[in-house]
Each structure stands twice: as C-alpha cells, then as structure tokens.
Undergrad: 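First, the structure itself, so that you have it in front of you.
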Amino acid sequence: MDKKQFSERDICTKFITPSLIQAGWNLQTQIREEVTFTAGRVIVRGRLHSRGKQRRADYVLSYQQNQPIAVIEAKDNSHSLGDGMQQALAYSDALDVPFVFSSNGDGFLFHDRTGMGPATETTLSLDEFPSPVYLWERYCQYKGVAGPARAVVEQPYYDDGSGRAPRYYQAVAINRTVEAVARGQDRILLVMATGTGKTYTAFQIIWRLWKSRQKRRILFLVDRNILVDQTKNNDFKPFGQAMTKISRRQIDTSYEVYLSLYQAVTGSEEEQNIYKQFSPDFFDLVVIDECHRGSAAEDSAWREILDYFSAATHIGLTATPKETREVSSIHYFGEPVYSYSLKQGIDDGFLAPYKVVRIDFDKDLQGWRPSKGMRDKFGELIEDRVYNLKDMDRQLVIEARTEAVAQKITDYLEATDPFQKTIVFCDDINHAERMRSALVNLNPQRVKENRKYVMRITGDEQEGKAELDNFINPESRYPVIATTSKLMSTGVDAQTCKLIVLDQHIQSMTEFKQIIGRGTRINEDYGKFWFTIMDFKKATELFADPAFDGDPVQIYCPHGDESPVPPDEPGTEGEPGDTTGEPGAGLPEPPEPPGEGPGPGGRTRYVVNNVPIRIIAERVQYYGPDGKLITETLRDYTRQCVLRQFASLDDFLRRWSSAEQKQAIIEELASQGVLWEPLADEVEKKLKKPLDPFDLICHVAFDQPPLSRRERAEQVRKCNYFARYEGVARQVLEALLDKYADTGIESIEDIKILQLDPFSQLGAPMELVQAFGDKAHYQQAVHDLEAALYASANEG
C-alpha cells in the first residue's frame with residue numbers, strides 16, 4: 001500500500017512508534033501517545049456551557065514519569081517532514097521540553113532548543129532517533145545539573161497508585177523548582193493563580209527534595225489555621241509520622257516536616273518567639289505560602305523568621321506577587337522560576353471564566369450633600385460637604401443603599417439559583433453585619449427553612465466563623481450567603497462559590513486578585529464551571545489595569561538596608577486572617593471605626609435612613625478570549641468576532657450551507673468569543689422574536705433583516721417540502737421542524753433527539769432511523785431539511 005494513503009494514525013503505528021522502540025524508548029513508561037494536556041476552555045452559554053478545543057500532542061517522551069523532555073508532532077505522508085514543527089514547538093513551550101520533533105513517516109526533523117547542538121534543526125532518518133539516555137544527558141547538561149544534583153532531579157514523584165498525575169503546568173513548576181534547588185539556588189519564587197493547586201505542587205517539590213535527602217528538615221509556613229489542617233490531612237498526608245503541626249509553645253525537634261502558622265511561632269514578646277527554640281541551621285528548607293504578604297507587626301515577625309533561618313533554602317508560593325515601589329516579592333526571592341496566570345488557567349480550561357455585573361447608584365456617582373443642619377438617625381449633626389462613592393460605608397451609611405445592594409443580590413439569586421454559594425465582601429465588620437441583616441429581611445422564607453441561609457463570617461464572631469468549613473464544603477447546603485470583610489478574601493477554598501459580590505473599596509491589586517480567586521475554581525461534580533462578579537464600588541475597574549494578569553515585573557526601589565518584604569501598599573486595610581485555634585493563630589480583622597450613635601472618641605461615619613437610592617447604570621461585561629473584559633456593546637463585539645472569521649456575507653453563507661453540521665460553525669464562533677445566549681437575549685428582546693444563530697449573525701454582523709425560527713419553519717411547510725416523504729419518515733421530519741422552531745438548529749442535529757418526545761411515541765430510535773433506510777440516509781434527510789430552512793437566504 002502506498003505510504004501516502006496511510007492515515008496519520010497509521011504513520012504513528014507503522015513508522016514512528018517502531019523507531020522509538022528501536023532507539024530504546026520504553027513503550028509503557030517513557031512513550032505517551034495522543035496526550036491531551038489541557039481541559040478545553042469553558043465557553044459559557046447562558047446557563048449552559050461547552051468546552052473549547054483541548055490541546056493534544058501526538059507524542060510526549062519522558063525519561064521518567066512526569067519529566068517530559070521531548071515532543072513529536074506527526075502528520076500523514078502527504079505532508080512534508082517539517083509540516084508539524086511549528087505546532088510541536090508551541091507544545092514544547094507549554095510543556096517546557098527542549099527537544100522537538102516533526103515526522104511524516106519518512107524520518108524526523110529534529111529541533112534542539114538547548115542551543116548546545118551543532119545545529120538548531122537537523123534531519124534524521126527513521127533509525128537515527130536519539131535514545132532516552134542520550135537526550136537525558138543533553139537535558140541535564142542544558143539544565144546545569146550534574147553529580148549529586150542529578151540524583152535530586154532524578155528523584156521520582158510521589159505516586160499513591162490512584163493514577164493521579166500532576167497537570168502539565170504543575171509538572172513544569174515542580175521540575176523547574178527541584179532543578180533550581182539542585183543547582184544550589186537558595187531563593188525561589190513560584191507564581192500560580194488561585195485554584196491551580198499550589199499546595200499539591202508544593203507537596204511534590206518537598207517530597208522529591210526530602211526523599212532524595214537534599215533537604216532533610218522542612219518548615220512549611222501558612223497564614224491560616226484552617227490551611228494547616230487541610231494541608232496536613234490532605235496533600236501532605238504521605239509524610240505520615242515524619243510530619244507535625246506546630247501548635248504548642250514547646251518544640252519537639254524529632255520530626256522532619258513541620259507545618260505552622262506564621263503566628264504560631266512568633267509573638268510580641270521575645271520569649272514568645274518559639275521558632276528560636278530551633279537552632280538557626282535546623283531547617284534546610286522553608287516554604288512560604290502566600291509569600292506576598294507584608295504588613296503590620298505580624299509580618300515584621302514573619303520577616304524575622306526568614307532572617308533567623310536565612311541559611312535554609314526559601315521557596316515562596318503566591319498567586320499575587322507584590323511589585324510596587326514599596327513592596328517586592330522579586331527583590332527577595334528573585335525572578336519567578338515559573339508563572340501560571342489566571343488568564344492561562346482559564347484558556348486551558350482549568351479555571352472558571354466569569355462575567356461582571358456592574359451596578360452604579362446615583363448617590364455614588366453624583367454625590368449627596370446634606371441639607372443645612374441635617375442630623376443622622378442618631379441625632380448627630382452631619383458635616384456639610386459632598387459625599388460620594390469613596391465615602392459610602394466609611395464616612396456615610398445610607399441604609400437604603402445597603403438594602404438596594406441586598407435586593408440586587410436577592411433578585412439575581414432568585415433568577416438563577418437561590419442556593420448558589422455567594423460571598424459578599426463588605427468594607428468592615430459593621431458593614432458585613434448590616435448586609436447580613438438586610439439579606440435576612442429580603443429572604444424570610446429561605447431563612448425560615450434554615451436560619452443559616454445567610455451568615456456573617458468575620459474574625460470577631462465565633463458562630464459565623466465556625467460555619468466557614470460548612471460554607472466551603474460542597475456537600476453542605478448551608479450557609480448559602482456569607483457576608484464578610486477580610487476573613488474570606490484569601491486561603492478559602494470555596495470550590496462551589498458562583499457569585500462574588502464586591503461592595504468593598506478595593507485599592508490593592510493584590511487584594512483584588514485574591515478576592516477574585518475565591519470564584520475561579522471549577523468543580524464539575526457540582527456543576528461549577530463559571531462564576532459571576534457583582535460590583536457595586538467600581539472595584540472591577542482593576543481588570544483594565546495592565547498589571548492585573550501580566551507577568552510580575554520588579555519596580556521596587558530599595559532605600560538602604562530594608563526588610564525583604566516591606567509594608568503593604570497604601571489603600572489596603574490590613575490583610576485577612578482568622579483568629580481560630582491557639583493564641584496568635586491568625587491575623588485579626590482590621591480595626592473597626594466607632595459604632596453608630598454618640599460615643600467617645602468622635603465619629604467617623606453618619607447613618608441616614610431617609611435618603612432614597614436609585615440605580616442609574618447597570619451593565620454586564622464578559623470575559624473575552626483575550627483575557628480582558630468586553631467593554632463594547634455585544635453587537636459591536638460580535639460583529640468584530642464574525643468579521644475576523646468571514647470576509648463577507650457571501651463567505652459566511654457558503655460556509656454555513658456547506659457545513660455538514662451547523663453546530664460546528666456555532667461552536668467555532670463561540671470559541672472565538674461570540675457569546676450566543678447574551679447576544680440572543682439582547683437582540684431578541686428588541687425584535688421580540690426568537691432567532692436562529694444564522695439569523696443572529698446575518699442581522700448583527702451583516703445588517704440583514706432576520707427571520708424568526710418559526711418564520712423559517714413556515715417557509716418550509718409552504719413549499720410542500722414534505723411531499724417527497726411518507727409514513728414514519730415524514731412524521732419524524734415534521735417533528736424535527738417543530739423542534740427547530742422551538743429550540744433551534746443545534747437540537748435537531750443531535751441524533752439523540754430521537755430518544756425524546758414526541759419521537760419516542762413514533763418508535764424506538766433505531767426504528768425511526770430505519771424509516772429512512774439507514775443512518776446515512778437519515779443524516780442526509782436532516783441535512784436536506786437544513787438546506788430548505790436556509791434556502792431563501794442562500795438564494796438572496
């Protein structure tokens with residue numbers, strides 16, 4: 001058989017795989033074929049979702065498990081030897097492998113990214129493919145690991161036998177970090193977006209360094225008591241008896257892996273700094289979770305820990321490195337060895353995309369000035385000036401505003417899912433309590449069913465704080481709504497949180513990223529694929545900041561002998577924490593301003609209960625394929641997306657009519673950013689009739705007058721289309737046309753529709769297909785029906 005008649009898979013099976021085996025690659029442990037390494041971007045379609053295209057490499061070659069060193073892209077023999085090279089190079093960027101091959105079955109084009117070979121690209125015959133030992137030697141040389149360092153790099157990952165493997169970016173992060181430690185680098189920064197598995201990544205790093213005996217005693221520092229327990233009981237469990245949690249004032253030095261809160265090993269008095277019970281050289285490795293932290297007295301004590309154990313290797317983990325003129329993670333830890341951003345996580349389908357509902361009140365934007373001599377509800381004379389957004393819930397409390405925010409939250413939940421987990425971020429504890437009360441009053445039936453439907457979860461209130469575990473537990477229905485200020489802004493693994501409400505003044509990019517991170521986790525088992533941000537205080541304007549999801553860049557300007565992580569940037573109100581567990585087990589909520597009503601110490605805010613509030617602007621913004629919020633109208637944005645794909649209306653009509661399944665074009669446009677359901681809602685509301693995706697595109701992108709689905713269906717009936725069919729076949733097609741009029745083109749293209757009413761009343765799916773002769777003739781009949789539906793458009 002002519003090689004050019006072989007499929008791509010035949011080329012792999014008959015030529016590429018035998019070449020690899022001949023070169024010494026083990027088929028079971030070193031060769032992986034058709035490796036899908038991303039999940040496919042979640043594409044939100046109203047209340048539904050689909051997945052974009054997954055990235056898949058034809059071959060990934062590893063010297064040992066989870067340590068890939070080469071990729072191969074295969075093509076059929078009608079392509080040239082190097083036709084797959086650019087695709088393979090893109091995969092090598094993601095997988096961090098230096099050796100790249102392309103093949104069409106005649107041989108290999110070899111691209112060496114190390115720059116250490118005689119040429120960047122060389123042509124190899126089928127029997128010249130390099131051995132695993134040869135490429136591994138080259139890899140270690142390229143990475144600068146030799147002698148004892150090589151043994152560290154070759155230390156296997158922990159494998160629990162369940163088949164769990166790190167995601168591709170976790171493997172890159174682990175391998176780069178272990179290699180850096182093996183080379184002797186003693187300050188390392190790892191940046192990974194919230195929800196991407198930093199703790200599991202940290203475990204594998206520590207495990208490999210510990211098992212290789214490169215690092216014998218390890219300290220893992222976190223800032224939440226709950227995180228210590230989660231880490232100890234989950235990801236770090238394999239350390240077993242070698243691990244302990246520092247929870248008392250007396251240290252036991254017989255362990256090797258220590259988990260601790262920053263605050264559990266420090267105190268305000270010298271004798272309380274129990275970390276000094278360890279010798280300065282006791283730990284070989286200190287891993288600092290949320291290493292961006294840096295404010296107040298607690299953090300100066302944290303810096304003392306790093307100084308005290310300065311001889312150890314320090315690895316900093318964070319989703320949000322701080323880089324301002326006053327604060328720099330890079331200044332202390334160095335450039336990140338690896339960064340995996342929120343945008344990349346969403347593109348890969350490992351993190352949830354979001355939409356933003358931005359709501360503006362009149363008094364926030366236009367301001368409010370009290371009348372002369374006006375007093376607040378407690379009789380306090382209100383200072384005569386203009387109050388606007390920056391004053392709300394700080395210097396001025398308008399009770400109607402609190403109620404309006406609570407009403408919008410309630411309306412949204414009732415219109416979507418009243419039991420979706422919701423976090424409402426408020427300015428302080430007092431604000432969180434007022435918001436809780438307003439939500440309780442607006443949801444009396446829900447609260448009657450369970451009083452924990454709405455809970456305030458803040459650092460000062462034990463009962464609410466005790467419900468934090470239940471809130472983040474996907475299996476616990478209650479609490480549903482949590483009002484908070486700082487406590488839940490970081491370290492809370494709220495996998496099923498679908499609504500983030502921002503009624504808080506947020507001026508720190510770090511805090512903003514941490515808060516947004518509460519919603520980015522995907523939990524497929526509980527139907528969590530995306531989330532909504534409802535913004536009442538313009539916080540989401542930070543999305544437009546180039547620094548929001550860019551690579552961290554050091555702009556810190558040190559002056560003299562300064563601490564490695566200086567205080568927080570201006571505008572933040574202290575860092576989040578909890579106060580659970582042993583003394584000093586967490587950071588407190590920020591100080592509260594004096595309460596409402598007369599009292600000592602003066603007043604910082606007034607409360608008015610007779611000032612009306614109205615919404616003057618409300619808009620929805622969506623996460624676009626470029627990682628930015630779509631700011632233009634949906635119509636303009638859709639037009640741009642379509643015109644990038646189709647040069648003209650004729651081009652679109654040709655593609656639509658020739659497509660075997662229209663669904664393919666619909667999904668293609670969705671992957672390019674067309675938001676079908678929101679667009680349909682907007683256009684159909686104006687036209688007052690439901691439109692097919694075809695008519696939506698023709699109308700929005702090419703200014704064509706649209707027909708409704710029912711109008712298109714009626715055209716088919718009027719032309720006596722069904723006369724060519726009889727019996728069951730005709731009944732099936734008439735039912736398909738009715739389904740099209742009701743639900744659209746996508747539903748009738750799926751053969752599974754034959755399992756539903758009214759088709760199930762006509763016969764079993766197999767019987768209905770046989771009424772057309774066979775499956776191919778059934779599919780042709782559906783295709784012909786589609787052609788009839790769009791005949792008038794094609795003729796035009």
Side-chain angles (χ1 to χ4, degrees), residues 43-51 652-653 655-670 674-681 683-685 687-699 706-794:
I43 300 167
V44 181
R45 307 189 58 193
R47 298 189 186 186
L48 305 176
H49 81 280
S50 60
R51 287 278 191 177
F652 173 69
L653 293 176
R655 285 278 305 279
W656 185 268
S657 60
S658 64
E660 286 192 19
Q661 281 207 319
K662 315 307 179 194
Q663 175 71 7
I665 296 179
I666 294 169
E667 289 179 355
E668 180 183 348
L669 285 170
V674 173
L675 304 159
W676 287 109
E677 266 67 18
L679 178 68
D681 288 345
V683 175
E684 291 171 1
K685 189 178 294 184
L687 297 176
K688 294 183 170 54
K689 57 183 179 181
L691 300 182
D692 185 282
F694 172 87
D695 283 282
L696 273 173
I697 293 303
C698 288
H699 178 61
L707 293 177
S708 70
R709 294 194 301 264
R710 197 156 297 282
E711 287 169 336
R712 288 202 173 277
E714 285 305 314
Q715 283 188 345
V716 173
R717 288 193 176 91
K718 286 177 182 177
C719 71
N720 202 24
Y721 173 78
F722 298 116
R724 71 182 82 172
Y725 297 96
E726 58 184 23
V728 173
R730 176 167 180 159
Q731 290 177 286
V732 169
L733 288 173
E734 287 176 339
L736 283 172
L737 190 63
D738 289 336
K739 279 290 184 183
Y740 163 80
D742 290 337
T743 60
I745 195 71
E746 298 148 277
S747 62
I748 72 169
E749 290 189 328
D750 188 346
I751 198 170
K752 291 180 182 176
I753 197 173
L754 299 180
Q755 300 172 8
L756 308 176
D757 284 339
F759 304 97
S760 59
Q761 299 175 23
L762 301 176
M766 186 61 68
E767 294 171 344
L768 301 184
V769 169
Q770 288 173 350
F772 294 86
D774 55 27
K775 184 177 179 180
H777 284 89
Y778 168 78
Q779 291 172 331
Q780 184 60 49
V782 173
H783 186 73
D784 292 344
L785 177 61
E786 291 177 344
L789 281 166
Y790 302 111
S792 59
N794 293 330

Undergrad: What are the two closest non-hydrogen atoms of Arg710 and Asp742, and how far apart are they?
TA: NH2-OD1, 2.7 Å
Undergrad: Drop me the distance from His783's NE2 to Lys662's NZ, to the nearest 0.5 angstrom.
TA: 5.5 Å
Undergrad: Assign the ring pair Tyr740 / Tyr790 to parallel, tilted or perpendicular, where the plane angle (0 to 90°) is split at 30° and 60°.
TA: perpendicular
Undergrad: Do the side-chain N and O atoms of Tyr721 and Asp784 include a donor-acceptor pair separated by under 3.5 angstrom?
TA: no
Undergrad: Output yes when a side-chain donor or acceptor of Lys689 lies under 3.5 Å from a complementary backbone atom of Pro706, and no otherwise.
TA: yes
Undergrad: CG of Leu696 to CD1 of Ile666: how many Å apart, nearest 0.5 Å?
TA: 10.0 Å
Undergrad: Less than 4.5 Å apart, any side-chain heavy atom of Val728 and any of Glu767?
TA: no
Undergrad: Working note: Ile665 + Ile697, criterion side chain to side chain contact (heavy atoms under 4.5 Å, CB included); need CA distance, chi angles, decisive distance, verdict.
TA: CA-CA 11 Å; Ile665 296 179; Ile697 293 303; over 6 Å; no
Undergrad: For the CZ atom of Arg51 and the CD atom of Glu667, what is their distance to the nearest 0.5 Å?
TA: 13.5 Å
Undergrad: Is the side chain of Asp692 donor-acceptor paired with the backbone N or O of Arg709 at a distance under 3.5 Å, no angle test?
TA: no
Undergrad: Can you tell me how far CG of Leu789 sits from CD1 of Ile748, rounded to the nearest 0.5 angstrom?
TA: 6.0 Å
Undergrad: What's the verdict on side chain to side chain contact (heavy atoms under 4.5 Å, CB included) for Gln779 and Val782, showing C-alpha distance, side-chain angles and the deciding distance?
TA: CA-CA 5 Å; Gln779 291 172 331; Val782 173; 5.6 Å; no
Undergrad: So how far is it from Leu707 CG to Leu687 CG, rounded to the nearest 0.5 Å?
TA: 11.0 Å
Undergrad: Rounded to the nearest 0.5 Å, what separation is found between the NZ atom of Lys739 and the CD1 atom of Ile745?
TA: 14.0 Å
Undergrad: Checking ring-ring contact (aromatic ring centres under 6.0 Å, His included) against Tyr778, which of Phe772, Tyr725, Phe759 comes through?
TA: Phe772
Undergrad: Does Arg730 pair with Glu734 as a salt bridge, N-O distance under 4.0 Å?
TA: yes
Undergrad: Do any N or O atoms from the side chain of Gln755 and from the backbone of Pro765 form a donor-acceptor pair under 3.5 angstrom?
TA: no
Undergrad: Would you indicate whether the side-chain heavy atoms of Leu653 and Phe694 approach each other to under 4.5 Å?
TA: yes
Undergrad: Show the numbers, then the answer: is there a side chain to side chain contact (heavy atoms under 4.5 Å, CB included) between Glu786 and Glu749?
TA: CA-CA 9 Å; Glu786 291 177 344; Glu749 290 189 328; 2.5 Å; yes
Undergrad: Any non-hydrogen side-chain atom of Pro758 less than 4.5 Å from a side-chain atom of Gln731?
TA: no
